[in-house]
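Down below is the structure, laid out as structure tokens.
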Amino acid sequence: MQHLSVLFQSRVAPVLIKSGTMIAVRSTILPGVCVGKNAVVSAGSVVEKDVADFTIVKGVPAKPIGEFSALI
């Protein structure tokens with residue numbers, strides 16, 4: 001079973017979710033992804049790549065659909 005550990009080892013990486021981020025139900029964040037400050041991940045999305053600050057993403061795979069600036 002050692003051969004399986006080599007396969008799964010490459011898929012293990014930390015996920016960074018910055019402050020103010022909203023992640024809706026049934027969303028999947030894959031290993032090694034950073035979700036930026038105040039970003040929004042729509043329901044059911046699969047996030048494969050980093051999400052920039054203040055960005056809204058949705059879909060499979062998740063793609064940016066909009067941006068917003070800080071309200072402060």
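When a residue number appears, it is its place in the shown sequence, counting from 1.
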Listed pairs under 3.5 Å, donor-acceptor, residues 21-30 side chains, sequence neighbours left out:
| unit_1 | atom_1 | unit_2 | atom_2 | d |
| --- | --- | --- | --- | --- |
| T21 | OG1 | K18 | O | 2.8 |
| T21 | OG1 | G36 | O | 2.8 |
| S27 | OG | A24 | O | 3.0 |
| S27 | OG | S42 | O | 2.9 |

Under 3.5 Å, side-chain donor or acceptor atoms of residues 54-65 against the rest of the protein: list the pairs with distances, not counting sequence neighbours.
| unit_1 | atom_1 | unit_2 | atom_2 | d |
| --- | --- | --- | --- | --- |
| T55 | OG1 | A52 | O | 3.2 |
| T55 | OG1 | D53 | O | 3.2 |

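Heavy atoms only, all atoms of each residue included: A13 and G32 are closest at CB-N, 3.5 Å.
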